[in-house]
Amino acid sequence: MFIRSLLALALSAPALATPWLTFSGCSVPSSVLQLPSNQTTLTAPSTAPNFVALGVGVQNYTCANTSTYSNTGAVAELFDISCLFKTPIFGSIQDIVFAAWSEFPNDIPITAIETGFRILGNPDVLGQHYFVKNPSGAAGNSPVFDFTSSGQFNDNKNAFILAAKAGDILSPDSKSDVDWLSLNRVSGELADQVFRVETRGGQPPASCTPGSSTDISVKYAAKYLFYGGSVKK
Ligand SMILES: *[C@@H]1O[C@H](CO)[C@@H](O)[C@H](O)[C@H]1NC(C)=O
Ligand SMILES: *[C@@H]1O[C@H](CO)[C@@H](O)[C@H](O)[C@H]1NC(C)=O
Ligand SMILES: *[C@@H]1O[C@H](CO)[C@@H](O)[C@H](O)[C@H]1NC(C)=O
């Protein structure tokens, strides 16, 4: 079902007439990060990012006592989309993949999205995004971006960062899209700063019933940009 919808989208998008796109391994300019001009919470770095990823996965929520869902973390697979930057598809890759991902049966693992991607081209898996218990001992979970098990940093144990949120703004695109945000490095060498932008989906229902609403996972996609860092190949 996923592959059919991705193929249908590919065939309906003129930009995708080229059957085999090169996704991965290109340098991008700093202009790849476009932030809304009506805000000062997020500031684009003056340098170019070292990695441009499409994250595809789920945002997890639990029902808080306030009868609203509270975010407990996320799991996503990160694909290198750097070479799409100079193609017309770059602006809508998150829409194309999110539409397909939304049709994917819920019990299929995120890693299976890779199979569907192969219809469009050859994106490398940069790594995985997940959450761990905050290592400071404070309540809550901390986001991790882990490139230690794939690609150029395979087996390099420093190729990750554990980060902390530095700023977030509502998505300028839709209320159903999770916030755009910036994260700063806490530990690891992969990057100093990460931005999550051009989000699609991931927002929970507006309310829940404490005690009876179960934990939920909501599908999302987003672009992730990684700046700085000192990890060596
Ligand atoms: C929610 O409220 C119940 C009853 O007051 C309490 O036992 C529980 O610890 C609270 N849970 C959270 C997550 O605050
Ligand atoms: C999020 O939910 C998925 C199942 O949908 C689960 O596999 C994953 O471990 C959860 N991760 C976090 C950080 O809650
Ligand atoms: C900025 O513009 C977006 C899109 O037009 C709008 O949704 C958002 O509320 C605005 N933000 C601020 C801080 O004014």
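Just so you know, ligand 1 is whichever comes first in the structure, and atom 1 is the first atom listed for that ligand.
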Ignoring hydrogens and geometry, is there a side-chain-to-backbone donor-acceptor pair from Ser82 to Gly25 under 3.5 Å?
-> yes
Does Thr199 use its side chain to pair, donor to acceptor, with the backbone of Val178 at less than 3.5 Å?
-> yes
Do any N/O atoms on Gln39 end up under 3.5 angstrom from N/O atoms on ligand 3?
-> no
Side-chain heavy-atom pair Asn106, Lys219 within 4.5 angstrom cut-off |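 In short, these two side chains touch, coming nearer than 4.5 Å.
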Which residue and non-hydrogen atom of the protein lie closest to [atom], and at what distance in Å?
atom: atom 10 (C) of ligand 3; result: Asn38 ND2, 2.5 Å
atom: atom 13 (C) of ligand 2; result: Phe131 CB, 3.9 Å
atom: atom 9 (O) of ligand 2; result: Val75 CG2, 4.4 Å

Residue among Asn60, Thr62, Thr72 satisfying side-chain hydrogen bond (donor to acceptor under 3.5 Å, both in side chains) with Asp215 | Thr62
Has ligand 2 got any nitrogen or oxygen that is less than 3.5 angstrom from a nitrogen or oxygen of Thr72?
-> no
Would you indicate which of Val58, Asp107, Asn60 comes nearest to atom 14 (O) of ligand 2 when only heavy atoms are counted?
-> Asn60
Please check if a non-hydrogen protein atom sits closer than 4.0 Å to atom 2 (O) of ligand 3.
-> yes
Heavy-atom protein contact below 4.0 Å for atom 5 (O) of ligand 3 |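 No; the ligand atom in question lacks any protein heavy-atom contact below 4.0 Å.
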Hey, would you say the Phe79 and Phe23 ring centroids sit under 6.0 Å apart?
-> no
With a 6.0 Å cut-off on ring centres, are Phe98 and Trp101 close enough?
-> no
Give the numbers and elements of all ligand 2 atoms closer than 4.0 Å to a heavy atom of Ser217.
->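 By the 4.0 Å cutoff, the relevant atoms are 2 (O), 3 (C), 4 (C), 5 (O).
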Only one of Trp180, Phe51, Tyr224, Tyr227 clears ring pair (Phe, Tyr, Trp, His ring centres under 6.0 Å) with Phe195; which?
->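 Looking at Trp180, Phe51, Tyr224, Tyr227, the match for Phe195 under the ring pair (Phe, Tyr, Trp, His ring centres under 6.0 Å) is Tyr227.
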